Protein chains: 2
Amino acid sequence: MSHTLGIRQVQKQKTRQALLDAALGLLEEQSLSSLGLREVTRAVGVAPTAFYRHFRSTADLGVALVEEALGSLHPMIRQTVSPADSDQRIERAVQLIAHHVDAYPAHVRFLARERHGGVQPVREAIREQLARFAEEVKAELAKDPESRGWREDDLLMLAHLYVDQMLVTSSLFLEAQEAPAEERERVTQLATRQMRLISVGRRNWLG
Amino acid sequence: MSHTLGIRQVQKQKTRQALLDAALGLLEEQSLSSLGLREVTRAVGVAPTAFYRHFRSTADLGVALVEEALGSLHPMIRQTVSPADSDQRIERAVQLIAHHVDAYPAHVRFLARERHGGVQPVREAIREQLARFAEEVKAELAKDPESRGWREDDLLMLAHLYVDQMLVTSSLFLEAQEAPAEERERVTQLATRQMRLISVGRRNWLG
DNA sequence: TCATCCAGTTAACAACTGTTCTCCGTAATT
DNA sequence: AATTACGGAGAACAGTTGTTAACTGGATGA
């Protein structure tokens with residue numbers, strides 16, 4: 001099934017990835033709407049016109065970055081939600097989020113920044129992918145015996161609440177990335193308690 | 001106490017406000033980090049250099065916009081949280097948020113966009129102001145008999161949860177602003193149930 | 001009334017932007 | 001071995017950007 005790529009296509013993928021990486025780096029200090037095509041190609045060390053061989057515009061590149069960023073988030077979310085949420089498992093979930101932020105800080109920053117950013121197609125792409133994630137989380141929640149008697153749309157409501165909370169928490173960890181361990185611990189405690197409160201709400205939702 | 005301003009200072013404030021308004025308008029389709037000083041002055045109909053009489057840079061203007069935007073949010077939040085959260089009062093709170101988004105859509109968009117945006121001083125300003133809001137909400141929550149036996153930091157944790165939830169909800173209403181009434185109703189239902197779930201969590205937090 | 005102040009103007013600067021067109025070298029195909 | 005396909009380079013385009021400097025004219029305060 002795996003078709004061997006020619007030298008040419010391999011090289012193309014390589015520079016394409018270099019463009020994505022460079023863009024992600026530059027986006028740590030600005031928003032996508034101010035990212036210039038020349039800026040990106042300069043960082044890669046390639047001619048400005050080469051950009052067009054890969055992307056129609058920086059907005060197009062942004063959409064590609066959404067796929068990449070949420071691809072890395074995907075397994076993390078599955079792991080986080082899959083077991084039921086006893087207190088100790090919530091703690092483990094928060095640690096998982098913290099670890100993910102440490103592993104892919106630029107991806108997390110990009111998503112937080114562009115989710116409400118100034119480039120419409122990118123916002124749309126993020127919204128779409130997050131909706132798919134919420135559906136996935138919902139399916140995972142449905143397996144849980146605690147979800148007996150829950151309406152379908154209430155499950156989805158809860159799933160969105162969890163997903164949003166994960167993003168808020170990720171963003172907090174990101175801001176505290178360079179901060180002293182004490183501050184990071186404070187964030188951990190805050191996120192853990194908020195998750196717990198939501199879980200308490202879940203357990204007492206009906207009756 | 002109110003010192004009468006001279007004709008000169010009045011005019012200055014007027015063009016300053018015109019710059020802020022023009023910037024807010026332009027920011028509906030881009031992020032602050034791509035907002036040009038010339039772009040703003042052009043929209044106002046004033047020379048580019050006049051900008052410097054009011055702001056050091058567009059980042060500086062952004063910080064001023066934060067004050068303005070959160071100034072309008074301030075009374076809304078007070079009204080939203082002040083009474084205890086029985087089910088019908090939550091519905092009223094959600095309606096209040098929806099109304100605020102309709103009244104100040106540009107302010108809401110600006111906050112959502114720049115909270116995690118590419119301009120550090122603006123992020124900092126928003127973070128600061130939101131922290132103050134959370135403190136205020138906490139004080140309001142503390143008055144509630146339901147908060148008996150709650151630890152101080154747990155109250156602040158809950159306050160942050162409410163504030164974040166308000167921003168998420170505001171952003172949802174903003175996206176659905178041009179959508180059919182059916183979609184807006186869907187958002188209302190979602191936000192109401194999420195608020196309720198959090199409140200259920202609150203009621204069952206201890207014991 | 002007269003000197004001072006100061007918000008806003010005009011002009012000019014080098015540096016940068018996205019985009020087009022033409023060209024090159026080499027991998028891929030025949 | 002000959003031909004085509006194509007990722008990338010190079011140069012040039014008009015238009016934009018932030019910032020500096022010197023200037024104007026009307027409100028301000030003595």
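Note that the structure is a prediction, hence the values are computed from the model and not measured. Reminder, nothing fancy here: chain letters follow the sequence lines and each chain counts from 1.
End-to-end axis angle of the helix from C:dT19-D:dA12 to C:dT30-D:dA1, using five pairs per end and rounding to 10°, comes to 10°.
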Practice task
Applying salt bridge (charged side-chain N to carboxylate O under 4.0 Å, His left out), run through A:Asp144 and A:Arg202 and close with a yes or a no.
Solution key: CA-CA 12 Å; A:Asp144 200 337; A:Arg202 180 190 177 196; 3.3 Å; yes
Handout entry: Step-by-step side chain to side chain contact (heavy atoms under 4.5 Å, CB included) determination, B:His116 to A:Glu114
Key = CA-CA 8 Å; B:His116 306 285; A:Glu114 301 304 330; over 6 Å; no
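When side chains are defined from C-beta on, B:Leu70 does not count as touching B:His74, because their heavy atoms never get closer than 4.5 Å.
To the nearest 0.5 Å, atoms CG (B:Leu197) and CD (B:Gln194) are separated by 8.5 Å. In this structure, the separation between OG on A:Ser147 and CG on A:Leu158 is 7.5 Å, given to the nearest 0.5 Å.
Remark: the backbone N or O of A:Ser31 is not paired with any side-chain donor or acceptor of B:Ser31 at under 3.5 angstrom. Side-chain atoms of B:Arg113 come within 3.5 Å of backbone N or O of B:Gln30 as a donor-acceptor pair.
Under 4.0 angstrom from either OP1 or OP2 of D:dG8 there lies at least one side-chain N or O belonging to A:Thr15.
Rounded to an integer number of Å, the gap from CZ of A:Arg56 to P of C:dT19 is 11 Å. Rounded to whole angstrom, the span from the CD atom of B:Gln13 across to the P atom of D:dA27 amounts to 18 Å. For the pair B:Leu19 CG and C:dA7 P, the interatomic distance rounds to 13 Å; values are reported in whole Å. Between A:Lys14 atom NZ and C:dA27 atom P there is a gap of 14 Å when expressed in whole angstrom units. Between the P atom of C:dA28 and the CD atom of A:Gln11 lies a distance of 11 Å, rounded to the nearest Å.
A:Glu68 and A:His107 are linked by a side-chain donor-acceptor pair at a separation below 3.5 angstrom, with hydrogens and angles left out of the test.
Contact check of residues 29-55 of chain B against DNA chain D (heavy atom, cut-off under 4.0 Å) returns B:Gly36, B:Leu37, B:Arg38, B:Arg42, B:Thr49, B:Tyr52.
Between B:His100 and B:Phe173, a ring centre-to-centre spacing not shorter than 6.0 Å is recorded.
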With the criterion being N/O to N/O and under 3.5 Å, what pairs connect the protein with nucleotides 28-30 of chain D, and how long is each?
unit_1 : atom_1 : unit_2 : atom_2 : d
D:dT28 : OP1    : B:Ile7 : N      : 2.7
D:dT28 : OP1    : B:Arg8 : N      : 3.3

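In this pair, B:Phe55 and B:Phe51 present their aromatic rings tilted. The plane angle is within the 30 to 60° band.
Salt bridge A:Asp164/A:Arg115: present, at least one basic N to carboxylate O contact under 4.0 Å.
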